[in-house]
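To start, the structure itself, in structure tokens.
In what follows, every heavy atom counts, from backbone to side chain, and hydrogens, waters and symmetry copies are set aside.
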Number of protein chains: 2
Amino acid sequence: MSKSVRRAALIIDSIAEGPKTVVELSQMFELHRSTMFRELQSLEEVGYVHRRKSGQYTLGLHLISLSKLAFDNLDLREAAHDHIRRLHKVVGNTVHLAALMESSIVYVDKVEDPNGVRMYSRIGKAVLPYCSGVGKAILADLDEGGRNAVLAGSTWEKFTEHTITSRDALDRELEIVKKQRWAADDREFEDFVNCVAVPIHSSMGVVGALSVTAIRMVQNLPQLKTHLPLMQQTAELISRELG
Amino acid sequence: MSKSVRRAALIIDSIAEGPKTVVELSQMFELHRSTMFRELQSLEEVGYVHRRKSGQYTLGLHLISLSKLAFDNLDLREAAHDHIRRLHKVVGNTVHLAALMESSIVYVDKVEDPNGVRMYSRIGKAVLPYCSGVGKAILADLDEGGRNAVLAGSTWEKFTEHTITSRDALDRELEIVKKQRWAADDREFEDFVNCVAVPIHSSMGVVGALSVTAIRMVQNLPQLKTHLPLMQQTAELISRELG
DNA sequence: CCGGTTGATGCAAATACTGCAACACTGCGA
DNA sequence: TCGCAGTGTTGCAGTATTTGCATCAACCGG
């Protein structure tokens, strides 16, 4: 284990919590000022941190570039690529794929009919875990700690009359989801949209979810539910590829 | 300059170009296999790379977490925060702020009327540079190399009858934008939406742009243009803060 | 079963890093 | 204007970490 890599990463994580000066960081890490200065100089040169005119260091832009590429190479995204396109062909609706990141859930792929109702692209965006099918499908299979991490920043904003707006209510819903092994978004985020979602597991536990979404006038929730067996088969195929 | 930091970053960049094995990387970097193995082990432990079962290394999830935080700490975003909220109060329309990243343009902030027409959130998403006001405002002030980098991945997809769909046509438009120091999106992406945008400069050159956007039935383009003097003043104030 | 490749690790030599000391620069207050 | 404190920056010898070698374990395919 490389001490220098670990230390660099710890410094970056510290800066990620909030901008800091050389002196602050040297005290935090019990390093001489000149050592910390050189370390930050190096990290800035490779774009991982950025020095403001005020003397504070913040995270650098190169991390943003790298994250885009990290996103594209996600195992789940690659494993699911063909399967969700096949699923879309059969069910005809928009299929979303969401991945569990460290403490958030993100839409990582989407298949929709180019000639159908056009949904605004959501790939890359964080899922609101408490009012989305995929969010609930993933949360249901997380332990308490995992749930807490994902829900830590939730504002519990009410989008529609159906939105779940408290942790207690969500936990009750998640017990049901865990048992039935699928989740629904029943007009909880947008009044005219609903979906059903199933979790995807790997040997490491739940890693994501896939959902089938429709405008209510096209397919209502009972109709969407008819797709659940195929969706669960699809999730199983993806899980196999993930190992 | 820390050799270990530079080398770690180069390895990460190499993996960012595509997944690779220990042996491939050890040959590329002319390191002994065991050295490269240890390096990757360290990078994996801090979440910057991830080893697949196949033995290939890809970028790690921690980069995605860090990029979100990097985004929140952007200098431009902080400098512009109060100014664009004041601008919104005066003009009443949705105000967008976009930043030039390394080779892309991203929406980094937005102010809209909570009781007005609700536009789906775009923060964090890449701007399509060739058919957006902010994209054109930034491109106009970039040199040839910068433009090429930003436009490298453009598909020139045609969204409406007004979309610019070739580099030549865009370059002609950018000459006009550069002269007049503002840009417009005249129904080029969405038929019922248009906006005007102005660039924001720092001592390093153009770093972003701000725009005022409206649905056509609410305010048409000539009406939006009346906001340009105030927008340009706002951009100037932000530039001053950036230094 | 055998051979080749990859995953993984102890050790001494090689290399890189570190704190010290010092200087340059900037901003603030007297 | 001057002095002081704090930050930015760098050469050098002592210290710490890394490196390649050698080796073993595990896995896969013929």
| message | Could you measure the distance from the OG1 atom of A:Thr21 to the CD1 atom of A:Ile15? Nearest 0.5 Å is fine. | response | 10.0 Å

| In residues 17-28 of chain A, which residues come under 4.0 Å of DNA chain D by heavy atom? | A:Val22, A:Val23

| Contacts to DNA chain D from residues 2-10 of chain A, heavy-atom cutoff under 4.0 Å, which residues? | A:Ser2, A:Lys3, A:Ser4

| With B:Tyr48 via ring pair (Phe, Tyr, Trp, His ring centres under 6.0 Å) - residues at least two apart | B:His62

| Got a sec, which residues hit side-chain contact (heavy atoms from CB on, under 4.5 Å) with A:Glu30, two or more places apart in sequence or on another chain? | none

| note | d(B:Asn93 CG, B:Glu112 CD) to nearest 0.5 Å is 11.5 Å

| note | Under a 4.0 Å heavy-atom cutoff, the residues of residues 34-50 of chain B touching DNA chain D are B:Ser34, B:Thr35, B:Arg38

| message | Using five pairs at each end of the helix from C:dC1-D:dG30 to C:dA30-D:dT1 to define an axis, what is the angle between those two axes, to 10°? | response | 40°

| Once each nucleotide of nucleotides 24-30 of chain D is scored for protein heavy atoms under 4.0 Å, what B/S/- sequence comes out, 5' to 3'? | -------

| query | Is the number of heavy atoms from other residues, nucleotides or ligands under 6.0 Å of A:Arg52 CZ greater than 12? | reply | yes

Dump the pairs, protein N or O against N or O of nucleotides 27-29 of chain C, anything under 3.5 Å, distances to one decimal.
none

| said: The criterion is side-chain contact (heavy atoms from CB on, under 4.5 Å); which residues satisfy it with B:Ala209, sequence neighbours excluded? | reply: B:Val134, B:Ala137, B:Ile138

| note | salt bridge (charged side-chain N to carboxylate O under 4.0 Å, His left out) pairs touching residues 79-96 of chain A, sequence neighbours excluded, are A:Arg85-A:Asp109

| query | Which one, C:dA21, D:dA22, C:dG7, comes nearest to the side chain of B:His32? | reply | D:dA22

| field | Partners passing side chain to side chain donor-acceptor pair (under 3.5 Å) against B:Ser202 (at least two apart in sequence or in another chain) | value | none

| query | Quick one: side-chain contact (heavy atoms from CB on, under 4.5 Å) partners of A:Arg51, sequence neighbours excluded? | reply | A:Glu44, A:Tyr57

| field | Pairwise side-chain contact, B:Lys136 with B:Leu174, heavy-atom cut-off 4.5 Å (strictly under) | value | yes

